[in-house]
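Everything below concerns the one structure shown next.
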Amino acid sequence: MAELEALVAQEDPVRNFFRAVRPKNPNQTSVIAEIKRKSPSAGLIRPEYAEDSFKPEDIARQYHAAGASAISCLTDQRFFGGHLSFIRRIKDAVHLPVLRKDFIIDPWQLWESRAHGADAVLLIAEALKEGELVDLLILAQQLQLTTLLEVHDVDNLLKVRPHVGFPHRSYALLGINNRDLRTMKVDLGNTLRLADLVEEKAILVSESGIREPDDLIRLRGVGVRIVLVGEHLMRQEHPGQALKDLLGAPS
């Protein structure tokens, strides 16, 4: 732990993930574009992502050029084919802030995330007891990491709602995952339903199942102007062009 703390002490200041993803006007949607090789349900997303041919920095450059506001990077090795080293490679390639997308269940992982250059981390309500969640939120803020606090169902939203923005409002985003992690079914309507239960819509992030410009319009209709999009983009031959198409930008 002492070695890890020493590494964190030598790190550059974090890039402000929270500020980067806040849209500048109500008709704009900010996209957190995800870099993801494979998943437990889908396997390898594209054949060219196998082994050493996978270059997260190249995809990050495409996303940056296409208008991404931030990058989400899968770092789980066993199930998603990621690696902690991807964060540094991405940050060396682009100036966007980077979210470590992994299953964070222990304070050690927050120190580890900061030591490897992450600017934000994912905390999944379904995977944490309430006390554990609060402790991780406090430590993340001390490490200056933005937290994306993710829920899927009403019960977990009600459980975490009092803690959103704790201990500092400018470090917390609330994600609604449209994928049910128990069945892997995806329903964009999940965000549309749960958004009504959140007073501060500006911190809401819709995750999964977002494929078309019309999806962004539907989400803005309920006040959601930040999205996290991964597998849809990564399935395309040119992820950057897919992001441009999603945002409705000219080719």
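By convention here, the first residue in the shown sequence is residue 1.
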Is the closest side-chain heavy-atom distance between [X] and [Y] below 4.5 Å?
X	Y	answer
Val227	Leu219	yes
Leu128	Ile104	no
Ile59	Phe54	yes
Val94	Tyr63	no
Ile124	Asn156	no
Phe79	Lys38	no
Ser39	Phe80	yes
Glu237	Arg46	yes

Do you know which two heavy atoms are closest between [X] and [Y], and how far apart they sit?
X	Y	answer
Ala115	Leu4	CB-CD1, 3.8 Å
Gln141	Pro167	CB-CG, 3.7 Å
Ala93	Glu57	CB-CB, 3.7 Å
Ala172	Phe18	O-CE1, 3.2 Å
Val21	Ala70	CG1-CB, 3.8 Å
Ala20	Pro97	CB-CG, 3.6 Å

Side-chain donor or acceptor of [X] paired with backbone N/O of [Y] under 3.5 Å:
X	Y	result
Asp215	Glu212	yes
Arg114	Leu143	yes
Asp119	Arg15	yes
Gln28	Lys24	yes
Tyr49	Met234	yes
Glu34	Gly230	no
Asn190	His152	yes
Arg100	Glu112	no
Arg179	Ser208	no
Asp76	Asp102	no

Does a side-chain N-to-carboxylate-O contact under 4.0 Å join [X] and [Y]?
X	Y	value
Lys36	Glu231	yes
Lys91	Asp12	no
Asp92	Arg89	no
Glu126	Arg182	no

Flag if over 12 foreign heavy atoms under 6.0 Å of [atom1], [X]:
X	atom1	value
Gln236	CD	yes
Arg19	CZ	no
Arg169	CZ	no

So, taking the atom named [atom1] in [X] and the one named [atom2] in [Y], what distance separates them when rounded to the nearest 0.5 Å?
X	Y	atom1	atom2	result
Leu204	Thr191	CG	OG1	8.0 Å
Leu149	Arg161	CG	CZ	13.0 Å
Lys55	Ile90	NZ	CD1	13.5 Å
Ile226	Leu173	CD1	CG	5.5 Å
Ile71	Phe17	CD1	CZ	9.0 Å
Leu228	Ile176	CG	CD1	13.0 Å

Consider only side-chain heavy atoms of I, L, V, M, F, W and Y, link residues closer than 4.5 Å, and tell whether [X] and [Y] are in one cluster.
X	Y	result
Val121	Phe166	no
Val222	Val205	yes
Trp108	Leu122	yes
Leu216	Ile32	yes
Val134	Leu148	no

Identify, with sequence neighbours excluded, every residue that meets ring pair (Phe, Tyr, Trp, His ring centres under 6.0 Å) alongside His238.
-> none
Any side-chain donor near an acceptor of the partner, Asp245 and Gln241, under 3.5 Å = yes
For the residue pair Asn178 and Ser206, confirm or rule out a side-chain donor-acceptor distance under 3.5 Å.
-> yes
Taking the inter-plane angle between the rings of His83 and Phe86 on a 0 to 90° scale, is it parallel (under 30°), tilted (30 to 60°) or perpendicular (over 60°)?
-> tilted
Full working for side-chain contact (heavy atoms from CB on, under 4.5 Å) between Leu139 and Trp111 = CA-CA 9 Å; Leu139 178 57; Trp111 286 95; 3.7 Å; yes
Check against side-chain contact (heavy atoms from CB on, under 4.5 Å), Leu174 and Leu157 | CA-CA 9 Å; Leu174 177 61; Leu157 174 57; 3.8 Å; yes
